[in-house]
Amino acid sequence: MRKSKDRSPIENTLLAAIPARELETLARKLTAVPLDYKTILIDDEDPLDYVYFPSSGIISVLAVYADGNTAELATIGREGNSGFQEMLGARSSDVRLLVQIAGTAMRLRRADFKKALIELPGFQAMMNLHLHTFLHQVMLSGACNATHSVSKRLARWLLTMADRTNQDTLHITHDLIAEMLGIYRPTASKALATLQNQGFVRVLRGRIVILNRPALVAYTCECYRLIRLKTERNLPSTK
């Protein structure tokens, strides 16, 4: 895994890994903003005015259906950014960016993001690596949703959340799980009960505690390991 040098207070590891001179140029354009729980940063069909680089917390990338239901396509933590649509030439958003776990982010105007891609080669290289890794996550997540059981998908999702936050206590609800996995709440509760009955997790009010991470990793589908391996190979460490 690539190691980012501790040369700046920037907590987003993509930004922290670009050359110091480029980061100094970019820093003047970055604005610190809160990521408040359940805030919609960009909705489906909204203009792409900003790119977010989380310092903490997690942003969910959601597909939005005509009936209002949603399903999670990917997550973005401090290893990433929300600029994938800009890099692919989109003018408006095809997805919803929802704050799943509260935190903070550095925000960059779209025009400044596009300019940095042209003028800052180190920044461009890091954004390309993230785009490649992000698309791999989206593709594997789609295959996972179509192939694997709800309990194994839930195990993958919980492990990913723990990786993004570096915590085994996750402040999430049954309703959030149902929304993120695109399932009904009773189905989410049943899957959680399966994991709890096997001793992998403890389900509390508003919290889920991972009790036995190695066993949960062994139980979940191979998609978790494939996504984690690609992230570790391509992107700067978040440890």
Side-chain angles (χ1 to χ4, degrees), residues 11-13 32-41 52-64 68-80 82 96-105 137 140-141 144-145 148-225 227-228 231-232 237-239:
E11 294 181 84
N12 180 277
T13 55
V33 296
L35 296 178
D36 295 325
Y37 177 61
K38 283 288 188 178
T39 296
I40 297 176
L41 301 174
Y52 294 86
F53 295 81
S55 302
S56 60
I58 298 174
I59 298 171
S60 284
V61 182
L62 303 175
V64 182
N69 287 327
T70 61
E72 186 177 81
L73 302 173
T75 57
I76 302 169
R78 63 192 180 97
E79 83 300 326
S82 68
R96 175 178 295 165
L97 300 184
L98 177 76
V99 177
Q100 182 186 110
I101 294 180
T104 60
Q137 179 190 170
L140 267 183
S141 294
C144 182
N145 292 343
H148 298 130
S149 68
V150 172
S151 61
K152 289 185 181 293
R153 288 167 52 201
L154 175 58
R156 173 178 67 84
W157 189 81
L158 292 174
L159 288 165
T160 300
M161 294 305 98
D163 290 345
R164 293 285 192 269
T165 61
N166 290 329
Q167 296 180 7
D168 285 334
T169 297
L170 304 172
H171 295 275
I172 53 181
T173 65
H174 293 220
D175 288 335
L176 177 63
I177 290 171
E179 182 180 359
M180 294 303 104
L181 296 186
I183 57 180
Y184 292 111
R185 190 185 190 283
T187 305
S189 298
K190 183 178 179 180
L192 278 171
T194 297
L195 300 185
Q196 180 166 251
N197 291 339
Q198 297 194 55
F200 301 148
V201 304
R202 179 181 294 123
V203 181
L204 303 169
R205 184 176 180 84
R207 288 180 296 154
I208 297 172
V209 182
I210 296 177
L211 300 176
N212 190 335
R213 182 185 176 88
L216 191 60
V217 171
Y219 174 80
T220 192
C221 57
E222 62 191 292
C223 302
Y224 168 71
R225 290 177 286 275
I227 291 173
R228 182 180 171 94
T231 301
E232 289 178 338
S237 173
T238 57
K239 301 298 183 182

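Note that this is a predicted model, so its numbers are computed, not measured.
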Problem set entry | Within-4.5 Å side-chain heavy-atom neighbours: Ile208 and Leu192 | yes
Problem set entry | Spacing of Tyr52 atom OH and Leu41 atom CG [to the nearest 0.5 Å] | 5.0 Å
For this session: Mind checking the CG-OG1 spacing from Leu154 to Thr194? Nearest 0.5 Å is all I need.
Result: 9.0 Å
Problem set entry | Spatial distance of atom CG (Asn212) from atom CG (Leu195) [nearest 0.5 Å] | 11.5 Å
Problem set entry | Nearest-0.5 Å distance, CD of residue Glu232 to CD of residue Glu79 | 11.5 Å
Problem set entry | Side-chain H-bond candidate by donor/acceptor type, Ser60 with Glu72, under 3.5 Å | yes
Seminar exercise, completed: Closest non-hydrogen atoms of Val64 and Thr70, given as atom of the first, atom of the second and distance, are CG2-CG2, 4.2 Å
Exercise. Mind checking whether Pro54 and Ile76 have side chains closer than 4.5 Å, heavy atoms only?
Worked result: yes
Exercise. Got a second to check how far Thr231's OG1 is from Gln137's CD, nearest 0.5 Å?
Worked result: 6.5 Å
Seminar exercise, completed: Looking only at heavy atoms, the pair that brings Lys152 and Tyr219 closest together is NZ-O, 2.7 Å
For this session: Using atom types as modelled and distance alone, determine if a side-chain donor or acceptor of Asn69 lies under 3.5 Å from a backbone N or O of Gly182.
Result: no
Exercise. Is any NZ, NE, NH1 or NH2 atom of the basic residue among Glu179 and Lys38 found under 4.0 Å from an Asp or Glu carboxylate oxygen of the other?
Worked result: yes
Problem set entry | Main-chain N/O of Leu35 paired to Thr39 side chain as donor or acceptor, under 3.5 Å | no
Problem set entry | 4.5 Å side-chain heavy-atom contact, Thr75 and Thr160 | yes
For this session: Search all heavy atoms of Arg225 against all heavy atoms of Val217 and return the closest pair with its distance.
Result: NH1-O, 2.6 Å
Problem set entry | Heavy-atom neighbours of Arg202 CZ exceed 12 at 6.0 Å | no
For this session: Say whether, by atom type as modelled, one donor and one acceptor occur between the side chain of Thr220 and the main chain of Arg156 under 3.5 angstrom.
Result: yes
Exercise. Any idea which heavy atoms bring Ala162 and Asp168 closest together, and the distance?
Worked result: CB-OD1, 4.1 Å
Exercise. Are the side chain of Arg153 and the backbone of Leu181 linked by a donor-acceptor contact shorter than 3.5 Å?
Worked result: yes
For this session: Kindly give the heavy-atom pair with the smallest separation between Leu98 and Ile40, and that separation in Å.
Result: CD1-CG1, 3.8 Å
Exercise. Looking at side-chain heavy atoms only, is the closest gap between Cys144 and Cys221 below 4.5 Å?
Worked result: yes
Exercise. Given side chains that start at C-beta, do those of Leu216 and Leu211 come closer than 4.5 Å, heavy atoms only?
Worked result: no
Problem set entry | Any Asp163 side-chain heavy atom under 4.5 Å of Tyr224 side chain | yes
Problem set entry | Straight-line distance of Tyr37 OH to Gln100 CD, nearest 0.5 Å | 8.5 Å
Exercise. Does the Thr165 side chain pair with the main chain of Met161, one donor and one acceptor, at a distance under 3.5 Å?
Worked result: yes
Seminar exercise, completed: Taking every heavy atom of Ile177 against every heavy atom of Ala188, the minimum-distance pair comes out as CG2-CB, 3.9 Å
